[in-house]
Amino acid sequence: MTHGSSTSSSTPEPDANQGKKPEEESSSPAKHPSLSSSLFKLSSGRVATTAIAAATGPIVARLYDPNCFGILELAVAFTVLFYAGSRGFGYGLAMPLATSKAEFRAVFVLALLLGGTVSTLVGVAAVFAGEAITDYWGHPEFAKYVIVAPLLCIGVTIRNLLDLVLSCERQFGIVAVRGMIETIGRRVVQIGLGFTALGNTATGLLSGLVFGVGAAALAFSVKPLKAVLHVDGEPFRFADLKTVAIRYRNFPLFRFWTEFLNAVTYSLPIVLLGSLFSVKVVGYYGVGRPLLYLPLVLFAQTSRNVFYIEVSKATAHGHSAAPVTMQLLRLLVTLVAFPFMVVLLLGAFLFEYVYGPDWREAGIYAQLLLPGIAVMAIGLPVSAMFEAKNRMGEGLLLNIALVVVQCLAMFSGAMLCDPNSTLAPRVALAFLSAGTALIWMYVSARSIKIAQASRRQTVRILIPPCLEAFLLLLPAAISYWIMGSPIATLVALTAACVIYPVLLHRRHPGISRKVKALLKRRGRPEPSDIIEVE
């Protein structure tokens, strides 16, 4: 159960022995890199990619206006929906389960054919009915760019399948490098075109997006393709496609709904904001939201994976899941309290100062969205309790509830206020944030109850880090909201950013010590190295 996949969805990490013949498993186990090394490569690649995007974001924001970013977000939103159709079949995720190289090849070809078919159908629809489709959704500005969605769809399909092949081959370093190539390629083209006649047009932003995805799909593609297509003594047969389609039919039967709801959860606010309000509003939303999701990308999903393993082991051995649940909550709130409090108190100021005067509204949107995303940052990892306790039906209901809340929030903002006013999208996003927060609060409380953990102890864990971050940032907030001094605000904020890591190290020395232990460890790390905080 996840919230909102993007076009750059992370590749699943298969087991080292899956997708190989038994004799291969036993013959060369020492050739595989350690788990700690694999985790470090993927994590460092993700951090580097995020840092590159964040560092170049202000440059791109000053070269293109919010309307251009709105069209870019619509392209990504429709791509995510279309890609859910091909990824939703789920056959690509069956590749690590293949029992032979021939079967592995058949699953890869089947997934590629399905992705190509969906992208082709979408492309035909975009050519012949693109204008009618965009007019129906209230996005006439997007009509001449709609062909970008199927191009991105096929590029993402190829890239993600090749990344999965590389993961099965334990080539995690290449997977990380491909992610950096995509981000660098996208930014180079966007910034380069921003200084030409295509500057301040959606064409420049979309060209960079297509180039980045295409570069990632082509980079280092020869080795994984050779590995998957070259099988000595076993020629390819189309009958193999039917065999694997039947054998792994549970993937499309059950995986589709999760993928589709994840895609809808990500794309629906973007589509409705553009339909009910304006493309400019979509641009503000699209620039403000990614920064809020950084803690989820960097911490929440990784913590969720580790937490799932720990809870599953505890359940299998009849032990209580309460201790590891408390450890996870303590870690999460310690890591995300300060950055979230910065956005909550100073979001409008930071966006105006870093991105330019045109982007102050994006900072206000970020402040409105923050409560829902902050609660999600806590609820998403602990929601792994549902899978660990075999209560996946509750996870499906959660996704459905999120979609309903999104629809109600968007239409409520349009009905209660003038859709052309500045207040209407703010009200819609406030409702969206409040509804999302309530749902994830319920998920968190339900997960804690299933773990049989103390709610009173949970409150004692969550409140102190938030209060500490608030008090540390209070001088900066007073400098901005009361004194109106940008220089004093920056000085106070800089001082808080310097003091906070020192306080974090003194109060929780386990964080830095465990990170160092994880990086230095040669063997398999203990899960407590990742989630335990003293």
Side-chain angles (χ1 to χ4, degrees), residues 1-2 13 35-36 39-40 42-43 294-341 373-391 395 440-469 500-501 503-521 523-534:
M1 177 179 53
T2 58
E13 296 181 23
L35 179 60
S36 60
L39 287 173
F40 176 73
L42 288 176
S43 299
L294 284 182
L296 274 73
V297 172
L298 298 177
F299 307 124
Q301 190 60 52
T302 302
S303 300
R304 188 180 195 277
N305 295 338
V306 178
F307 179 65
Y308 174 73
I309 295 173
E310 282 292 281
V311 172
S312 299
K313 288 182 178 179
T315 301
H317 292 86
H319 299 157
S320 172
V324 69
T325 303
M326 293 297 100
Q327 291 175 4
L328 176 66
L329 290 175
R330 186 177 291 111
L331 170 68
L332 289 173
V333 72
T334 299
L335 292 176
V336 305
F338 185 79
F340 277 157
M341 196 63 67
I373 296 177
V375 180
M376 187 198 311
I378 303 298
L380 177 61
V382 298
S383 67
M385 187 71 65
F386 293 145
E387 285 89 345
K389 298 292 184 178
N390 197 20
R391 300 190 182 191
W440 283 105
M441 285 176 65
Y442 169 79
V443 171
S444 302
R446 180 69 175 156
S447 300
I448 292 170
K449 182 178 180 180
I450 295 174
Q452 298 180 337
S454 170
R455 293 185 180 180
R456 180 175 298 180
Q457 184 182 0
T458 301
V459 173
R460 290 201 299 264
I461 288 174
L462 296 178
I463 291 181
C466 297
L467 183 59
E468 182 182 77
Y500 184 74
L503 293 177
L504 184 64
H505 174 72
R506 295 190 64 179
R507 292 191 58 182
H508 305 286
I511 292 181
S512 56
R513 188 172 68 249
K514 295 296 183 180
V515 170
K516 291 178 181 178
L518 176 63
L519 298 181
K520 293 180 179 179
R521 189 182 296 272
R524 181 180 296 272
E526 295 295 329
S528 59
D529 287 339
I530 303 174
I531 66 175
E532 181 182 1
V533 180
E534 295 180 353

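Side chains are part of it too, since the values below use all heavy atoms of this structure and drop only hydrogens, waters and symmetry mates.
Nearest heavy-atom pair across Phe340 and Ala374 is CE1-CA, 3.5 Å. Of all the heavy atoms in Met326 and Thr458, the pair that sits closest is CE-OG1, 3.4 Å. Of all heavy-atom pairs spanning Val333 and Pro465, the tightest one is CG1-CG, 3.8 Å. Closest approach of Val443 to Gly379, counting heavy atoms only: CG1-O, 4.1 Å. In terms of heavy-atom proximity, Tyr500 sits nearest to Thr334 at OH-O, 2.8 Å.
Going from atom CD1 of Ile461 over to atom CG of Leu329 covers 6.0 Å, rounded to the nearest 0.5 Å. Note that the CG atom of Leu462 and the CD atom of Gln457 stand 10.5 Å from one another [nearest 0.5 Å]. Distance check: Tyr442 OH to Ser447 OG gives 9.5 Å after rounding to the nearest 0.5 Å. Separation of atoms CE (Met376) and CD1 (Ile378) is listed at 11.5 Å; rounding is to 0.5 Å.
Two residues are said to be in side-chain contact when any heavy atoms from C-beta on lie closer than 4.5 Å; Leu328 and Val382 meet this criterion.
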Practice prompt. List the steps and the verdict of side-chain contact (heavy atoms from CB on, under 4.5 Å) for Leu380 and Trp440.
Written response: CA-CA 8 Å; Leu380 177 61; Trp440 283 105; 4.0 Å; yes
Practice prompt. Carefully, step by step, assess Phe338 and Glu468 under the rule side-chain contact (heavy atoms from CB on, under 4.5 Å).
Written response: CA-CA 8 Å; Phe338 185 79; Glu468 182 182 77; over 6 Å; no
